[in-house]
Amino acid sequence: MIFLFVSPGVIISSDIVIKCKAAVLWGLKQPFSIEEVEVAPPKACEVRIKILATGICRTDEHAISGAMTTKFPVIVGHEATGVVESIGEGVTSVKPGDKVIPLFLPQCGKCSSCINPNGNLCVKADVTGKGVLSDGTTRFTCKGKPVYHFMNTSTFSEYTVVDESSVTKIDANAPPEKVCLIGCGFSTGYGAAMKTAKVTPGSTCAVFGLGGVGLSVIMGCKSAGASRIIGIDLNKSKFEKAKAVGATECISPKDYTKPISEVLSEMTDNSVGYTFEVVGRLETMIDALASCHLSYGTSVVVGAPPSSKMLTYDPMLLFTGRTWKGCVFGGWKSKDDVPKLVSDFLAKKFDLDQLITHVLHFKDINEGFELLSQGKSIRSVILM
Ligand SMILES: NC(=O)c1ccc[n+]([C@@H]2O[C@H](COP(=O)([O-])OP(=O)(O)OC[C@H]3O[C@@H](n4cnc5c(N)ncnc54)[C@H](O)[C@@H]3O)[C@@H](O)[C@H]2O)c1
Ligand SMILES: *[C@@H]1O[C@H](CO)[C@@H](O)[C@H](O)[C@H]1NC(C)=O
Ligand SMILES: *[C@@H]1O[C@H](CO)[C@@H](O)[C@H](O)[C@H]1NC(C)=O
Ligand SMILES: [Zn+2]
Ligand SMILES: [Zn+2]
C-alpha cells in the first residue's frame, strides 16, 4: 500500500477504488447514460485525476457515430482540466493536489517522435482505438463490466486514470472551465498557425472552415502577426465570430462561380502565404492547397480526413514549390507545451471566452451533444 502525505494530517491512499458518476456510452449511436462507476487506483506510472471541467469536441461525437473506431462500453471526453487525486508508484512529474490537463496525445519522451524536435505524434497515443491503458486493461467498471478508455483520457467521468505521459501540471491559478480547451480544440488550431505553418508577420492567410478549430487557427495567425486573414465558410453566420477573433474579411464559396483559389488570388494580388483546411473534406483540402502561393505558399491539413478515402491531385501543385503539411494537436509537444500555453493564456496572449458558447452541468451532457450536432455551439464546457 502506498500512502501519500499531502499536508499534515491528510493521508491519501492510492489503493482505494473510487465510486463516482460517469457518462457511459453502452453502444454506437446511443445517448450518454450517467452511471455509477468504479475507478480503480492508479497502477505504477499512472495518475488518478478528479475532473473539474471538460469541453465537448467533435472527436467525441466521431466515437458515438462510429466515424472513429471505439470499443464499447466506453467513457469518452478528452479536453479537460482536473486535480490529481492520487499517484501510482514511480510517478514524479505530478503529485496529489496539482492542477492538471490530461493529454489525449501523450508525450513519453522516449519514442522517435518525442526525441525529434519537430515530431509530436507519440507512439503511446491510442491511434487505433484499443481503449485500454499501457498494461492492456481498463481502470473502469460499471455494473460488473469493464468499461473502455477513450484516447487515453476518458474525461466524462468525475474521476479518471491516465498514464503519467498523458497528463501535465499547469498553473494552479488557471480557470479550469476555460483552460480545458487547451487540452484539444484551441491548441490544435492555434498550433497549426504558430507551430506547424510558422506564419510570418505581415503575411496573408486563408482559413477554410470557421468552427472552433478554425477560429483558433485565426487567433494563431493573428498572434503570429499576419496582416490579412481571410475566413472561408459555406455558412455566413460564422463570419461575425471569425471577425471578432481576428479575420480581416470573410467569404462564402457559394457567392462565386469560379474556383475559390482564383477568388483568393484576385483578392490578394496573388499573395496568399498560408492556407488551412479546417473542415475535414477532401475537396477543401485540394482547394486550400491550390489557394496558397504556387511558389512560396504553405497549406496545412488540420481537419480530420474522412476515414479510408483517397485523394487525387495534380502533382504540378507541389512541383511549383508549394509546401503541404498536416498536424495533430497543432504540432505541440503536449506535456512540455500545454503548461506554456496555459501561462500564455494567463498572460492574456489569447482569449478563450470567444470559443465558449455554452456552459452546462454534467447531467445535461446529452444536451451539449445536441447543440454540437445542430451547429449551434462552438464549444460547450461541462462543469462536473
Ligand atoms: N488535427 C487535429 O488534431 C484535430 C483536433 C480536433 C479537431 N480536428 C478536426 O478539425 C475539423 C474542424 O473541427 P471543428 O470542431 O472546428 O468543426 P466544426 O464542424 O465546428 O467546423 C467546421 C466548419 O466548416 C464549415 N464547412 C463545411 N463545409 C465547408 C466547405 N465545403 N467549405 C467551407 N467551409 C465548410 C462548416 O460550416 C463549419 O463552420 C474537424 O474535421 C475535426 O475533426 C482535428
Ligand atoms: C493509450 O492506449 C493504447 C491502447 O489503448 C495503449 O497501448 C497505450 O499504452 C496508451 N498510452 C497511454 C499513454 O496511456
Ligand atoms: C450556420 O451557423 C449557425 C450559427 O453557428 C447555426 O445556428 C446554423 O445551424 C448553421 N447552419 C448550417 C446549415 O449548418
Ligand atoms: Zn478534440
Ligand atoms: Zn513518445
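For ligands, and for the atoms within them, numbers begin at 1 and follow the listed sequence.
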Checklist entry - Would you find a donor on one side and an acceptor on the other, under 3.5 Å apart, between the side chain of Ser187 and the backbone of Gly183? => result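 No: the side chain of Ser187 does not pair with the backbone of Gly183.
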Checklist entry - Counting N and O atoms only, with roles assigned by atom type, does the side chain of Thr81 sit under 3.5 Å from a partner on the main chain of Pro176, one being a donor and the other an acceptor? => result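 At least one qualifying donor-acceptor pair exists.
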Minimum non-hydrogen distance to [atom], winning option of [options]:
| atom | options | value |
| --- | --- | --- |
| atom 9 (O) of ligand 3 | Glu240, Lys376, Gln374 | Gln374 |
| atom 1 (C) of ligand 3 | Leu234, Leu210, Asn235, Thr357 | Asn235 |
| atom 6 (C) of ligand 3 | Gly375, Ser377, Gly211, Ser373 | Gly375 |

Show which atoms of ligand 1 fall inside a sub-4.0 Å distance from at least one heavy-atom site of [X].
| X | result |
| --- | --- |
| Lys238 | 39 (O) |
| Leu234 | 28 (N), 29 (C), 30 (C), 31 (N), 32 (N), 33 (C), 34 (N) |
| His62 | 43 (O) |
| Thr284 | 30 (C), 31 (N), 32 (N) |

Flag [X] as yes when one of its N or O atoms lies below 3.5 Å from any N or O atom of ligand 1, and as no otherwise.
| X | result |
| --- | --- |
| Cys57 | no |
| Val279 | yes |
| Asn235 | no |

Salt bridge present between [X] and [Y] (N-O < 4.0 angstrom):
| X | Y | value |
| --- | --- | --- |
| Lys349 | Asp344 | yes |
| Glu85 | Lys50 | no |
| Lys333 | Asp336 | no |
| Arg139 | Glu46 | yes |
| Lys258 | Glu266 | yes |
| Lys43 | Asp135 | yes |
| Arg228 | Glu249 | yes |
| Glu79 | Arg379 | yes |

Got the closest protein heavy atom to [atom], with its distance?
| atom | result |
| --- | --- |
| atom 3 (C) of ligand 3 | Ser237 OG, 3.1 Å |
| atom 3 (O) of ligand 1 | Phe329 N, 3.0 Å |
| atom 24 (O) of ligand 1 | Gly209 CA, 3.5 Å |
| atom 20 (O) of ligand 1 | Gly211 CA, 3.4 Å |
| atom 23 (C) of ligand 1 | Asp233 OD2, 3.6 Å |
| atom 4 (C) of ligand 1 | Thr188 CG2, 3.4 Å |
| atom 43 (O) of ligand 1 | Ala304 CB, 3.4 Å |
| atom 6 (C) of ligand 1 | Cys184 SG, 4.0 Å |
| atom 10 (O) of ligand 1 | Gly303 CA, 3.6 Å |

Checklist entry - If you stand at the Zn ion (ligand 5) and look out to SG of Cys114 and SG of Cys122, what angle do those two lines make, to 10°? => result 110°
Checklist entry - To the nearest 10°, how many degrees is the angle Cys108 SG to the Zn ion (ligand 5) to Cys111 SG? => result 110°
Next on the checklist: Exactly one of Phe345, Phe276, Phe350 should register a ring-ring contact (aromatic ring centres under 6.0 Å, His included) with Tyr190. Which one does?
Outcome noted: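 Passing option: Phe350.
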Checklist entry - Which ligand 3 atoms are under 4.0 Å away from a heavy-atom of Lys238? => result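 Reading through ligand 3 atom by atom, the close ones are 2 (O), 5 (O).
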Using a 4.0 Å heavy-atom cut-off, say whether [X] meets ligand 1 through its side chain, its backbone, both or neither.
| X | value |
| --- | --- |
| Val213 | both |
| Leu215 | neither |
| Glu283 | neither |

Item to check | Minimum heavy-atom distance Thr168-Lys335, with the two atoms named | outcome: OG1-O, 2.8 Å
Next on the checklist: Take a 6.0 Å sphere around NZ of Lys99 and say whether it holds more than 12 heavy atoms from other residues, nucleotides or ligands.
Outcome noted: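 Yes, NZ of Lys99 has more than 12 neighbouring heavy atoms, counting only those of other groups under 6.0 Å.
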Next on the checklist: Taking CG in Asp269 as the centre, count heavy atoms belonging to other residues, nucleotides or ligands within less than 6.0 Å. Is the count above 12?
Outcome noted: no
Checklist entry - Any side-chain donor paired with an acceptor under 3.5 Å for Thr275 and Ser299? => result yes
Checklist entry - Does a donor on one side chain and an acceptor on the other come within less than 3.5 Å for Lys110 and Ser165? => result no
Checklist entry - Quick one: does Gly212 get within less than 4.0 Å of ligand 1, heavy atoms only? => result yes
Checklist entry - Strictly under 4.0 Å, does any heavy atom of Cys327 approach an atom of ligand 1? => result yes
